[in-house]
Amino acid sequence: MKHTYKTLIYALTFFSATILGISSAFAQKTVITGTVRDAVTKETLPYVSIFFNDTRLGTQSDLDGNFKISTNEDYNKLKFNYVGYEVLYKNIIVGQTQKLDILLKSNAQSLNEVTIIAGKKVRYSNKNNPAVELIRQVIENKDKNQPKAYETVQYKEYEKMLFSMSNLSEKFKNKRLFRNYQFLFQEQDSSKIGGKNLLPIYIQEKLADQYLSFYPIKVKQ
C-alpha cells in the first residue's frame, strides 16, 4: 500500500512539472502586431518585409500595412525593409505580446544643382560615350530589371482618356440641341490631327500608386 502511494506521488509530481513546463513555454511566446506607415504622409505601406534580426523567419505587411509575427525563440529585434525606404531595426520585448506603430523614412535623395556650360562642338562618337555605355548596361541587365525579378514592386501610374469630335458640319452645329451651346464650336481645341480641329467631349485622368507582390500574387491600387 505504501509503495503504491509513493508511486502515485511521484507520478503526480512528474505530471505537475510537465504541465508547468508546457505553461512556461507558452508564456514565453513573443507575439508582435502592428502597422507600418510612411513617416511623413502617415499612409500605410503594404508588402513591407519584416524579419527577426539575423534570421530568415519573417512575414510581410498586408494591403493595409498591418502585420503579425510570433516566435518561441528569444529574438529581441525586428528588421523592417521596404524598397525606397531606410531599413529600420526595432527592439522588442521577449516573451510578451506587444503592438508596434512603425514609421519608415524615405531614402529618396535630391540631386545637387547642375550647371551646364556651352563648349566647343565635338564630333559624335560611340567610343567612351557614357550615354552609349548606359544603354548597353540597361540591355545587359534587362532581365534583372523586370518587375517579376523582385518579390514586390511599387510605382506610380498615370492614365488619360480623351474623346473628341472632328469634321463637324454646319448642319450638325445648327441642330436644335446645340442652340444654346454655340460657344462650344467657337472654342475648339487648338491642337490639330491631320489638319482637323478637335472638339473635346470627354476627358478622364487618373493618377495611382500601384503595389505588386508576386510571391504570393497580390495587387493594390
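Just so it is clear, the values below take in all heavy atoms, side chains as well, and ignore hydrogens, waters and symmetry mates.
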**Q** What's the shortest heavy-atom distance between Ser70 and Leu57, and which atoms?
**A**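 What the structure gives for the nearest pair is O-CD2, 4.3 Å.
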
**Q** For the OG1 atom of Thr30 and the CD1 atom of Ile92, what is their distance to the nearest 0.5 Å?
**A**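 With rounding to 0.5 Å, OG1 (Thr30) is 6.0 Å from CD1 (Ile92).
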
**Q** Who are the ring pair (Phe, Tyr, Trp, His ring centres under 6.0 Å) partners of Tyr47, not counting sequence neighbours?
**A**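 By the ring pair (Phe, Tyr, Trp, His ring centres under 6.0 Å) rule, Tyr47 matches no residue at all.
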
**Q** Are Tyr211 and Leu104 connected into the same hydrophobic cluster when the rule is that any two of I, L, V, M, F, W, Y join if their side-chain heavy atoms are below 4.5 Å apart?
**A**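 Yes, Leu104 and Tyr211 fall within the same hydrophobic cluster.
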
**Q** Search all heavy atoms of Ile50 against all heavy atoms of Gln60 and return the closest pair with its distance.
**A**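 Closest heavy-atom pair between Ile50 and Gln60: CD1-C, 4.4 Å.
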
**Q** Working to the nearest 0.5 Å, report the span between OG of Ser49 and CD of Glu151.
**A**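 Reported to 0.5 Å precision, the distance equals 6.0 Å.
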
**Q** Going by side-chain heavy atoms closer than 4.5 Å, which hydrophobic residues are tied to Phe51, directly or by a chain of links?
**A**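 Under the 4.5 Å side-chain rule, Phe51 groups with nothing.
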
**Q** Could you work out the complete set of other residues in the hydrophobic cluster of Val87, with links drawn between I, L, V, M, F, W and Y side chains under 4.5 Å apart?
**A**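 Other cluster members: Tyr89.
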
**Q** Identify, with sequence neighbours excluded, every residue that meets salt bridge (charged side-chain N to carboxylate O under 4.0 Å, His left out) alongside Lys42.
**A**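 Lys42: no salt bridge (charged side-chain N to carboxylate O under 4.0 Å, His left out) contacts found.
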
**Q** Any chance CD1 of Ile217 has more than 12 other-residue heavy atoms, nucleotides or ligands included, within less than 6.0 Å?
**A**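 12 or below, so no.
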
**Q** Which distance, rounded to the nearest 0.5 Å, do you find between the CG of Leu100 and the OG1 of Thr35?
**A**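 So the CG of Leu100 and the OG1 of Thr35 are separated by 9.5 Å.
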
**Q** Please name all residues satisfying side-chain hydrogen bond (donor to acceptor under 3.5 Å, both in side chains) with Tyr75, sequence neighbours left out, ordered by chain then number.
**A**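 With sequence neighbours excluded, Tyr75 shows a side-chain hydrogen bond (donor to acceptor under 3.5 Å, both in side chains) to no residue whatsoever.
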
**Q** Would you check if the side chain of Asn141 reaches a backbone N or O of Gln137 as a donor-acceptor pair within less than 3.5 Å?
**A**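 Indeed, once roles are kept as given, a pair shorter than 3.5 Å links the two residues.
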
**Q** Suppose we screen for side chain to side chain contact (heavy atoms under 4.5 Å, CB included). Which residues come up paired with Lys206, at least two apart in sequence or across chains?
**A**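 Checked Lys206 against side chain to side chain contact (heavy atoms under 4.5 Å, CB included); matches are Glu159, Gln221.
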
**Q** Identify, with sequence neighbours excluded, every residue that meets side-chain hydrogen bond (donor to acceptor under 3.5 Å, both in side chains) alongside Tyr202.
**A**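 Only Gln204 meet the side-chain hydrogen bond (donor to acceptor under 3.5 Å, both in side chains) criterion with Tyr202.
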
**Q** Linking I/L/V/M/F/W/Y whenever their side-chain heavy atoms sit closer than 4.5 Å, directly or via other members, would Leu88 and Phe52 fall into one cluster?
**A**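 Cluster IDs for Leu88 and Phe52 match.
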
**Q** To the nearest 0.5 Å, what is the distance between CD on Gln96 and CD1 on Ile32?
**A**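 Spacing of CD (Gln96) from CD1 (Ile32) equals 10.5 Å.
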
**Q** Tell me every residue that passes side chain to side chain contact (heavy atoms under 4.5 Å, CB included) with Ile139, counting only those two or more places apart in sequence or in another chain.
**A**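 Here the qualifying residues are Ile135.
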
**Q** In Å, rounded to the nearest 0.5 Å, how long is the span from NZ of Lys218 to CG of Leu212?
**A**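 Going from the NZ atom of Lys218 to the CG atom of Leu212 covers 13.0 Å.
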
**Q** Checking Gln210 now: which residues fulfil side-chain hydrogen bond (donor to acceptor under 3.5 Å, both in side chains) with it, not counting sequence neighbours?
**A**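 Checked Gln210 against side-chain hydrogen bond (donor to acceptor under 3.5 Å, both in side chains); matches are Glu157.
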
**Q** Which residues pass the salt bridge (charged side-chain N to carboxylate O under 4.0 Å, His left out) test with Asp64, sequence neighbours left out?
**A**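 Asp64: no salt bridge (charged side-chain N to carboxylate O under 4.0 Å, His left out) contacts found.
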
**Q** Mind checking the CD1-OG1 spacing from Ile102 to Thr44? Nearest 0.5 Å is all I need.
**A**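 Atom-to-atom, Ile102:CD1 and Thr44:OG1 are 14.0 Å apart.
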
**Q** Who passes salt bridge (charged side-chain N to carboxylate O under 4.0 Å, His left out) against Lys142, sequence neighbours left out?
**A**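 Partners of Lys142 by the salt bridge (charged side-chain N to carboxylate O under 4.0 Å, His left out) criterion come out as none, since no residue qualifies.
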
**Q** Under the side-chain hydrogen bond (donor to acceptor under 3.5 Å, both in side chains) rule, collect the residues that match up with Glu205, sequence neighbours excluded.
**A**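 With sequence neighbours excluded, Glu205 shows a side-chain hydrogen bond (donor to acceptor under 3.5 Å, both in side chains) to Tyr158, given in chain and number order.
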
